[in-house]
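Scroll down for the structure; my scribbles are underneath it.
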Amino acid sequence: MIEGLSRNAARNIFLGGSIIFFIIFVGLTAHSHYYIVTESTDHEGLTDQIKLGKHVWEKESCINCHSLLGEGAYFAPELGNVWLRYGGADNPDAARQGIKQWIRLQPLGAPGRRQMPSYDHLTDEELDALIEFFRWTSEIDTQGWPPTISG
Amino acid sequence: MKYQTQKVAYPFFIAALLLFAGQVLFGLLAGAVYVWPEFMAEAMPFHIMRMSHTNLLVVWLLIGFFGATYYLLPEEAETELHSPMIAYVQLAIFVFAGAAALISYQFGIHEGREFLEQPFWIKILLTISFLMFLYNGTRTLMAGRRTAISMILMAGLWLAAIFWLFAFYNPANLSLDKMYWWYVIHLWVEGVWGLIMASLLAYLLVKLSGVDREIIEKWLYVIVGLVLFAGLLGTGHHYYWIGTPAYWQPLGNIFGALEVLPLFSMVVFTFYMFWQGSRNHPNKSAILWTLGCAVMAFFGAGVWGLMHNMSWVNYYSHGTQVTAAHGHLAFYGAYVMLNLAIITYAMPQLRGKLPYNQIRNMWSFWLMTGGMAFMTFTLTFAGVVQTHLQRVMGENYMTTQDQIWVFYAMRFGAGIVVVIGALIFLWATLGKPREQKPAGATHVASDNAG
């Protein structure tokens, strides 16, 4: 196939094609940006508390053990739907309490079990914000992922 | 070595290899935690090991790319490097920033997006160093002969720097955050790094196979065309479940499948060029790494990627050990082996020797490559079982993990072999050189024809 092609023709196909595909890609991500802000997430509902929660999530680098919407370290459970696993859809107060208690219990020290470090240095305000961030995340329209509640 | 300033590459390669050793050692620690969950839980929690492992990988690969560029640019451009001083300062900044990040992680100082954990001021230092590199390289390129190899290589590095800027953009909306995060992660490893990979392979083939540059550069354009045609919209296979629109599913399926093509064409390219070429280059270990790189990248990035990037498969396998399997072999095949190929090729010239310690080098090739293949198989089995138990049967995450322990134990064994292989590589390339030339090889190592 390659014998009939000159080097300059190959270069022009590369340059032209790459530019076209890049423009399509940028256009589609621009549309996706709009879609995220208007349809799939509660963009209006991004309160200061949720922003603080995301900051706590990042400051503690939770993603290097857990995953969030399937991205992360796969060493610890998925947390994109942790709010739903704790029954947050039906009973938000119980879910809030349950998740908070679980984090406060760490490290469990259970033998033979992966150890989550202590997060005693987080204030109640920070923990509440983190949990609110989980609630907000669980409401993202993820095209039906994950397939089961186990995450 | 035809140009004096090519020797600038030497400290780059040494720094890269030392950080490589650090990377695999952190990997070994993290692998141990999967087997003995309480291992170092107090001293160094898992997340610190993991970010050290991944960050060291990216830092040493980049330093290797910088070194490779400095090594080949004078030859390609037929002129001395613009400024060796800028190169040394730039290396010092980059190594300092990488080391500072690594040390700060051990004290829990980090940002929190995956792979972009470096504190803000360290990101700034990395950017400054990268820009100094681009300035130096571009000035050299403009001053001399411009070949397809050097142009595509520099274009890949420029684009890598540009997409890196998205590391500074962190929107509060998680879905937006994730969408632009992939601008760095995917457009690097499945996009513009492909330009770097193809052009470095092309350079090695010009040197090692002796095939006419005209033919090699034509292949190069076809391959990098395929890389970007498939890779740009192939980003869609990361946009299935993060709050982005449903049309990314057909797009991700089609272009994700096409991403195999550039990787397969690199296999054909490397083997075909050695078949065509008349040169009997004495650096057999460099030839082995060059061929191995194309083959393992095809399996790791291509086949293992294709295995789970279709949306109807990914729906079940996303974020399981299948991803970990793919990630390990893809990075090893495409970028680790590429760097080791360049280093194996360039080191004898940089040290003023004929090819040396070749047998030892080839031992390290087979130990590392065999170890990585075995690791990939064990993680794939772990991932398939996990997918079934957790994603189909709906069993709880921790229960599932308990049932796949045996695969983690085997992965740890594979990890030990990889570490041994890596250390042997360091010994072979940095240790006392014993010149080894295979029977029948006539060409001298310092050959610069091309």
Side-chain angles (χ1 to χ4, degrees), chain A residues 2 5-7 10-11 13-14 17-18 21-22 24-25 28-29 31-33 35-37 40-41 43 46 50-51 54 57-65 67-78 107 111-115 117 136-137 140-143 145-151, chain B residues 33-34 37-38 41 45-48 50-51 110-114 117 148 170 172-176 178-179 214 217-219 221-222 224-225 228-229 232-233 235 239-249 251 315-316 318-321 323-324 390-398 400-401:
Chain A
I2 203 155
L5 186 75
S6 77
R7 182 171 60 171
R11 185 190 60 202
I13 293 170
F14 159 64
S18 299
F21 279 108
F22 185 69
I24 297 173
F25 175 68
L28 287 176
T29 41
H31 172 264
S32 298
H33 186 122
Y35 174 87
I36 287 168
V37 172
S40 63
T41 70
H43 193 69
L46 270 176
I50 295 166
K51 289 176 188 169
K54 184 167 183 278
W57 166 265
E58 289 169 359
K59 190 181 66 165
E60 302 299 336
S61 196
C62 310
I63 197 103
N64 268 298
C65 288
S67 58
L68 193 65
L69 305 186
E71 293 161 5
Y74 335 120
F75 178 73
E78 163 69 27
R113 191 182 194 283
R114 293 180 191 170
Q115 305 289 313
W136 186 91
T137 301
I140 296 174
D141 175 6
T142 56
Q143 312 288 337
W145 194 89
T148 68
I149 193 73
S150 315
Chain B
V33 182
Y34 272 95
E38 289 142 279
F46 179 84
H47 66 287
I48 302 296
R50 189 195 186 246
M51 71 176 83
H110 46 69
E111 293 188 3
R113 293 196 298 159
E114 197 185 2
E117 294 92 349
N170 182 7
N173 184 316
L174 182 72
S175 290
L176 290 181
K178 283 179 175 291
M179 187 173 79
E214 180 87 13
E217 292 192 337
K218 186 166 73 178
W219 274 86
Y221 279 123
V222 172
V224 292
L228 290 187
F229 298 172
L232 286 167
L233 289 176
T235 318
Y239 288 169
Y240 294 154
W241 330 114
I242 60 169
T244 28
Y247 56 68
W248 287 109
Q249 291 178 33
L251 282 174
Y315 181 67
Y316 294 100
H318 179 52
T320 63
Q321 295 298 320
T323 316
Q390 188 185 326
R391 296 287 170 70
V392 180
M393 310 293 282
E395 270 191 48
N396 157 299
Y397 175 90
M398 292 305 280
T400 303
Q401 291 294 314

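Fair warning: this is a prediction, and the values are worked out from it, not measured in the lab. Chain letters run A, B, ... following the sequence lines, proteins first and then strands; every chain starts at 1.
- Residue contact with chain A, scored on non-hydrogen atoms closer than 4.5 Å, involves the side chain of B:Met179 exclusively.
- Ranked by heavy-atom pairs shorter than 4.5 Å toward chain B, the options A:Trp57, A:Trp145, A:Trp136, A:Phe21 are led by A:Trp145.
- Although no hydrogens or angles enter the test, the distance criterion places a donor-acceptor pair under 3.5 Å between the side chain of B:Lys218 and the main chain of A:Leu5.
- Rounding to the nearest 0.5 Å places OH of B:Tyr239 at 7.5 Å from OG of A:Ser32.
- Looking at B:Thr320, only its backbone comes within 4.5 Å of chain A, counting heavy atoms on both sides.
- Of all the listed residues (B:Lys178, B:Glu395, B:Gln249, B:Gln321), the one sharing the greatest number of non-hydrogen pairs under 4.5 Å with chain A is B:Lys178.
- Ring geometry for B:Tyr247 against A:His31 counts as tilted: the plane angle lies between 30° and 60°, on a 0 to 90° scale.
- Annotation: maximal heavy-atom pairing with chain A below 4.5 Å, among B:Asn173, B:Thr235, B:Leu232, occurs at B:Asn173.
- For A:Phe22, the parts sitting under 4.5 Å from any heavy atom of chain B are the backbone and the side chain alike.
- Residue A:Lys51 touches chain B through its side chain alone, counting heavy-atom pairs closer than 4.5 Å.
- B:His318 places no side-chain N or O within donor-acceptor distance of the main-chain N or O of A:Pro146, the cut-off being under 3.5 Å.
- Ranking A:Leu46, A:Asp141, A:Val37, A:Ile36 against chain B, the residue ahead of the rest is A:Ile36, based on heavy-atom pairs under 4.5 Å.
- Highest contact tally toward chain A, considering only B:Gly112, B:Gly394, B:Ala41, B:Pro45, is held by B:Gly112 [criterion: heavy-atom pairs under 4.5 Å].
- Relative ring orientation between A:Phe14 and B:Tyr221 is described as tilted, the plane-to-plane angle lying within the 30° to 60° band.
- Of the listed residues A:Ser40, A:Gly72, A:Pro107, the one with more heavy-atom pairs under 4.5 angstrom with chain B than any other is A:Gly72.
- For the pair B:Tyr397 (side chain) and A:Ala76 (backbone), a donor-acceptor distance under 3.5 Å is present.
- Interface remark: of the candidates A:Ser67, A:Cys65, A:Pro111, A:Gly70, A:Gly70 forms the most heavy-atom pairs closer than 4.5 Å to chain B.
- Annotation: the span from B:Met398 atom CE to A:Arg113 atom CZ amounts to 4.0 Å, rounded to 0.5 Å.
- Counting heavy-atom pairs under 4.5 Å between each of A:His43, A:Glu71, A:Gln115 and chain B puts A:Glu71 at the top.
- For the side-chain hydrogen bond (donor to acceptor under 3.5 Å, both in side chains) criterion with A:Asn64, the lone passing option out of B:His110, B:His47, B:Arg50 is B:Arg50.
- Heavy atoms of B:Glu111 lying under 4.5 Å from chain A belong exclusively to its backbone.
- Residue A:Pro77 touches chain B through both its backbone and its side chain, counting heavy-atom pairs closer than 4.5 Å.
- When each of B:Leu176, B:Leu251, B:Val224 is checked for heavy-atom pairs under 4.5 Å with chain A, B:Leu176 comes out on top.
- Both the backbone and the side chain of A:Ile13 come within less than 4.5 Å of a heavy atom in chain B.
- For the options A:Leu28, A:Ile149, A:Ile140, A:Ile63, heavy-atom pairs under 4.5 Å to chain B are most numerous at A:Leu28.
- Rounded to the nearest 0.5 Å, atoms OG (B:Ser175) and OH (A:Tyr35) are 9.5 Å apart.
- Only the side chain of A:Thr41 has a heavy atom closer than 4.5 Å to any heavy atom of chain B.
- For A:Leu68, the parts sitting under 4.5 Å from any heavy atom of chain B are the backbone and the side chain alike.
- Neither side chain, B:Tyr240 nor A:Thr142, offers a donor N or O lying under 3.5 Å from an acceptor on the other.
- Taken from OG in A:Ser61 to CD in B:Glu114, the straight-line distance is 8.5 Å, to the nearest 0.5 Å.
- With a 4.5 Å cut-off on non-hydrogen atoms, A:Thr137 touches chain B through its side chain but not through its backbone.
- Of the residues considered (B:Gly319, B:Pro245, B:Ala148), B:Pro245 shows the highest number of contacts with chain A, using heavy-atom pairs under 4.5 Å.
- Between A:Lys54 and B:Ala172, the shortest heavy-atom distance links the atoms CD-O, 3.2 Å.
- The OH atom of B:Tyr34 sits 9.0 Å away from atom OH of A:Tyr74, with the distance rounded to the nearest 0.5 Å.
- Annotation: maximal heavy-atom pairing with chain A below 4.5 Å, among B:Trp241, B:Trp248, B:Tyr316, occurs at B:Trp241.
- Judged by distance alone, the side chain of B:Glu38 and the main-chain N or O of A:Gly112 form a donor-acceptor pair under 3.5 Å.
- Using a cutoff of 4.0 Å between basic side-chain nitrogens and carboxylate oxygens, B:Arg113 and A:Glu58 are not scored as salt-bridged.
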